[in-house]
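Here's the structure we're looking at; comments come further down.
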Amino acid sequence: MRTGGEIIIDYLIKEGVEFVIGIPGHGCLALFDALRDRVQKNKIKYIQVMQEMDAVYIADGYYRATGKPLAVITSIGPGALNTIIGLATAFVDSTPTLVIMGDTHTNMRGVGVLQEIERKHDSDILSCFRPITKRCWRAENVRQLPKIMRRAFNQMLSGRRGPVALAVPMDVQAAETDVEFEDGQNRAQNAVEALAEDIEKAVALMANAKRPVIVAGGGVYYSRKYKELQELAEYWGAAVVTTMAGKGCFPENHYLYGWHGGSKGTDVGNYLCRTADVILALGCRFADESTSSYRKGVTYNFPQTKLIHVDIDASEIGKNYSCDVGIIGDVAAVMPQLLQGLKKSQIDFADKRKDYIQDIKSHKEKWFKKLDGFLDETDSLTISHVLKTFKDIFPKDGYVVTSSGNTQAQMLQEYCVETPGTFITTGGFSTMGFAFPAGMGVKLAKPKSNVAVFVGDGDFMMAMQEMSVLVQLGINVTIILLNNCGWLAIRDLQLDVFGKPYDFGCQFKAADGSSYTPDFAKVAKAFGIDSIRVSSKEELRPSLEKAINSDKPFLVEVMVTTEYPYSGGKATGWWDVPIPAYMTEKRKAYLKCVSEEKY
């Protein structure tokens with residue numbers, strides 16, 4: 001006989017889940033008691049956090065580093081709802097995570113028990129979770145739990161992957177039943193191959209390409225088939241341009257790497273994509289930032305450019321750009337199929353690509369010369385200075401984690417990831433507060449690897465309470481905090497798009513109007529973390545070396561410039577940010593650009 005709580009924890013153990021993360025509450029006491037028993041028997045491990053959203057980020061980072069999901073347990077009501085932003089991040093980026101929450105007793109639904117949401121529908125909390133999970137369930141009876149748990153793992157880890165949620169009423173957690181888990185395979189393990197006729201159509205286009213580009217998205221990153229991507233690119237002689245979610249799926253010091261396209265991209269990435277005659281898109285969504293908001297000729301030039309779009313999710317194919325060949329399949333399986341098809345053509349692609357490869361090299365050199373020139377314009381300590389210095393010191397196989405903002409944008413534009421699979425960032429939901437807890441998840445997954453998280457001050461203040469967890473776990477994560485006293489990615493966007501005097505609401509100010517910031521180095525010390533504050537270029541390298549070489553958690557607070565435009569990176573591409581009608585001339589120019597959007 002097992003209680004509902006024991007069934008859930010034992011199923012997690014059966015699936016090889018290493019950690020359960022969460023916060024106990026009255027709504028999940030029976031579930032936590034089952035967890036207590038299995039932890040004491042060394043069958044599974046438990047991690048406390050200070051905020052449930054960060055529990056999801058830890059699980060997210062762990063999965064991105066290993067391909068294995070973790071479980072998050074919360075109480076009823078606010079504890080459960082705290083996971084919403086984390087789950088939305090995982091849903092948009094297709095990251096499997098299981099959130100298990102307490103819920104109202106089955107016999108008390110609708111009475112308004114403590115923390116129940118019931119004014120429109122009894123025990124209605126799952127209405128908040130449906131838009132941001134692949135599937136969610138509420139167990140009404142303890143006998144349902146084995147089947148629900150099996151289905152939850154099937155949903156998370158099959159097809160286009162993603163998070164799921166399970167609400168377990170308090171009485172169901174405590175009730176017991178006689179149950180044995182089924183042996184055998186519960187879900188498909190094989191990657192989905194493409195139809196042979198679709199491969200033939202794609203190869204026919206690919207064989208005649210003169211300027212081929214592979215656009216590699218998050219689907220390639222999560223597939224972990226990095227060698228297969230490299231082999232396909234090298235045989236075909238194709239430039240590889242990555243999306244935000246795909247960054248790090250291809251060695252970025254490779255001669256075929258073309259960096260990124262779009263508004264957070266690079267001149268070289270945009271050039272290669274818009275001048276391509278054939279584009280092979282692998283596991284990507286063609287989101288607005290990676291396409292320059294679909295403005296024709298800025299990043300892409302469809303339909304003049306032929307498009308082969310491969311995705312496991314049929315709804316993504318043809319959603320934003322019509323394609324010449326649409327292939328439904330797992331990129332892990334489709335890449336070898338395409339390579340074999342090209343080899344059968346017996347074309348010497350290497351001989352045909354000599355001029356093209358030189359063109360790729362030339363435009364990369366132009367891009368980095370442009371960045372260097374921009375950096376030389378100021379004597380201030382910039383984010384670019386930090387990234388360059390850090391890159392010289394940090395191990396090539398170390399993991400780098402970042403959230404949204406200027407730090408992420410400049411990582412995309414200028415930070416070279418040489419070891420595939422070691423760059424982790426929030427993608428389409430562009431979440432602040434992600435990097436620090438996700439970095440802890442990466443360190444839990446890869447305890448022998450160096451892990452560094454890059455955060456802004458606004459970003460860090462959304463998760464800094466988890467420094468206590470970092471110390472409690474005794475794990476070594478290096479925190480690089482780029483302090484610009486505000487949300488300067490948005491301030492810089494205001495100035496980019498609207499100009500002066502329309503920057504407003506983004507810089508942190510004291511009552512007298514002066515710039516305000518906490519002393520994060522001192523705050524870290526209060527948590528028990530070694531730290532240092534850097535205010536000059538001369539202090540930067542020795543401080544980063546000390547932090548990276550430390551065997552303890554270390555925070556380096558770098559006071560970077562707030563001076564526009566050196567507070568951010570070099571703008572490229574285009575992004576559709578609507579301009580108010582009262583900015584007459586800017587509005588007129590904006591509408592002209594909008595008229596060029598094609599999707």
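Atom set for the values below is all heavy atoms of this structure, side chains included, hydrogens, waters and symmetry mates excluded. All values derive from a computational prediction rather than experimental measurement. When a residue number appears, it is its place in the shown sequence, counting from 1.
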If we count only N and O atoms by modelled type, under 3.5 Å, do the side chains of Thr275 and Arg211 hold a donor and an acceptor together? yes
Should Arg64 and Asp60 count as an ion pair when the cut-off is N to O under 4.0 Å? yes
For the backbone of Gly218 and the side chain of Arg285, can you confirm whether one donor and one acceptor N or O come within less than 3.5 Å of each other? no
Give a yes or no on whether the backbone of Ile424 and the side-chain of Tyr399 come within a donor-acceptor separation of less than 3.5 Å. no
May I have all residue pairs that pass salt bridge (Lys or Arg N to Asp or Glu O under 4.0 Å) and include part of residues 307-327, sequence neighbours excluded? Arg160-Asp313, Arg160-Glu316, Lys306-Asp324, Glu316-Lys319
Can we say Glu597 and Arg295 salt-bridge, meaning some charged N sits less than 4.0 Å from an Asp/Glu carboxylate O? no
dist Glu228:CD -> Gln230:CD (nearest 0.5 Å) comes out at 10.5 Å
What I'd like to find out is whether the side chain of Trp236 reaches to under 4.5 Å of the side chain of Leu280, using heavy atoms alone. yes
Phe390: which residues meet the ring pair (Phe, Tyr, Trp, His ring centres under 6.0 Å) condition with it, sequence neighbours left out? Phe394, Phe454
Looking only at atom types and distance, does a side-chain atom of Lys443 sit under 3.5 Å from a main-chain N or O of Ser449, one as donor and one as acceptor? yes
State, with a plain yes or no, whether a side-chain heavy atom of Tyr300 is found less than 4.5 Å away from one of Arg274. no
Inter-residue atom distance Gln337.CD - Met335.CE, 0.5 Å rounding: 11.0 Å
Checking the side chain of Ser345 only, and the main-chain atoms of Leu342 only, is there a donor and an acceptor separated by less than 3.5 Å? yes
Could you check whether any side-chain N or O of His309 sits under 3.5 Å from a backbone N or O of Gly326, counting only pairs where one atom can act as donor and the other as acceptor? no
How long is the gap from OG1 on Thr133 to CG on Leu166, to the nearest 0.5 Å? 11.0 Å
Sub-3.5 Å donor-acceptor pair from the side chain of Gln413 to the main-chain atoms of Lys570, do we have one? yes
Could you give me the CA-CA distance, side-chain angles and deciding distance for Tyr62 and Val442, then say whether side chain to side chain contact (heavy atoms under 4.5 Å, CB included) is met? CA-CA 5 Å; Tyr62 183 96; Val442 173; over 6 Å; no
ring-ring contact (aromatic ring centres under 6.0 Å, His included) assessment of Tyr46 paired with Phe19: CA-CA 6 Å; Tyr46 166 61; Phe19 298 102; over 10 Å; no
Would Glu234 and His254 count as a side chain to side chain donor-acceptor pair (under 3.5 Å) here? Give the steps. CA-CA 10 Å; Glu234 289 174 350; His254 193 282; 2.7 Å; yes
Among Trp574, Tyr294, Trp575, find the residue that satisfies the side-chain hydrogen bond (donor to acceptor under 3.5 Å, both in side chains) test when tested with Asp288. Trp575
Residue among Ile360, Thr266, Asp267 satisfying side chain to side chain contact (heavy atoms under 4.5 Å, CB included) with Leu272: Ile360
Face-on cation placement of Lys391 at Tyr415 ring, 6.0 Å and 45° thresholds: yes
Do the side chain of Asn320 and the main chain of Tyr599 share a donor and acceptor less than 3.5 angstrom apart? no
Less than 4.5 Å apart, side chain to side chain, heavy atoms only: is that true for Asp459 and Trp487? no
Spacing of CG belonging to Leu482 relative to OG1 belonging to Thr407, to within rounding of 0.5 Å: 4.5 Å
Between Gln51 and Asn82, is there a side-chain heavy-atom distance shorter than 4.5 Å? yes
Are the side chains of Ile9 and Leu31 in touch, meaning some heavy atoms are under 4.5 Å apart? yes
Determine the minimum heavy-atom distance between Met440 and Ile58, stating which atoms define it. CE-CD1, 4.1 Å
Locate the shortest heavy-atom distance separating Gly246 from Thr242; write the atom from each residue and the value. O-CG2, 3.7 Å
Could you pull out the closest heavy-atom pair between Gly262 and Thr572, with the gap in Å? O-CG2, 3.8 Å
Determine the interplanar angle of the Trp259 and Tyr257 rings, folded into 0 to 90°, and report it as parallel if under 30°, tilted if 30 to 60°, perpendicular if over 60°. tilted
Give me the atom names and distance for the closest heavy-atom approach of Ile13 to Lys43. CD1-CB, 3.6 Å
Inter-residue atom distance Ile44.CD1 - Glu18.CD, 0.5 Å rounding: 9.0 Å
Can a donor-acceptor pair be found, under 3.5 Å and without considering hydrogens, that links the side chain of Glu15 to the backbone of Val17? no
Nearest non-hydrogen partners of Gln408 and Thr426, listed with the distance: NE2-O, 2.7 Å
Determine the minimum heavy-atom distance between Tyr356 and Pro212, stating which atoms define it. OH-O, 2.7 Å
Passes side chain to side chain contact (heavy atoms under 4.5 Å, CB included), Thr305 versus Asp277? Steps please. CA-CA 5 Å; Thr305 301; Asp277 57 348; 5.8 Å; no
If we ignore hydrogens and angles and just use 3.5 Å, is the side chain of Thr291 paired with the main-chain N or O of Ala287 as donor and acceptor? yes
All N/O donor-acceptor pairs, side-chain side in residues 148-158, below 3.5 Å, sequence neighbours left out:
residue : atom : partner : partner atom : Å
Asn154  : ND2  : Asn186  : O            : 3.1
Ser158  : OG   : Asn154  : O            : 2.9

Please round to the nearest 0.5 Å and tell me the distance separating atom OG1 of Thr422 and atom NZ of Lys446. 11.0 Å
Counting only N and O atoms by type, is there a donor-acceptor contact under 3.5 Å from the side chain of Asn450 to the main-chain atoms of Asp397? no
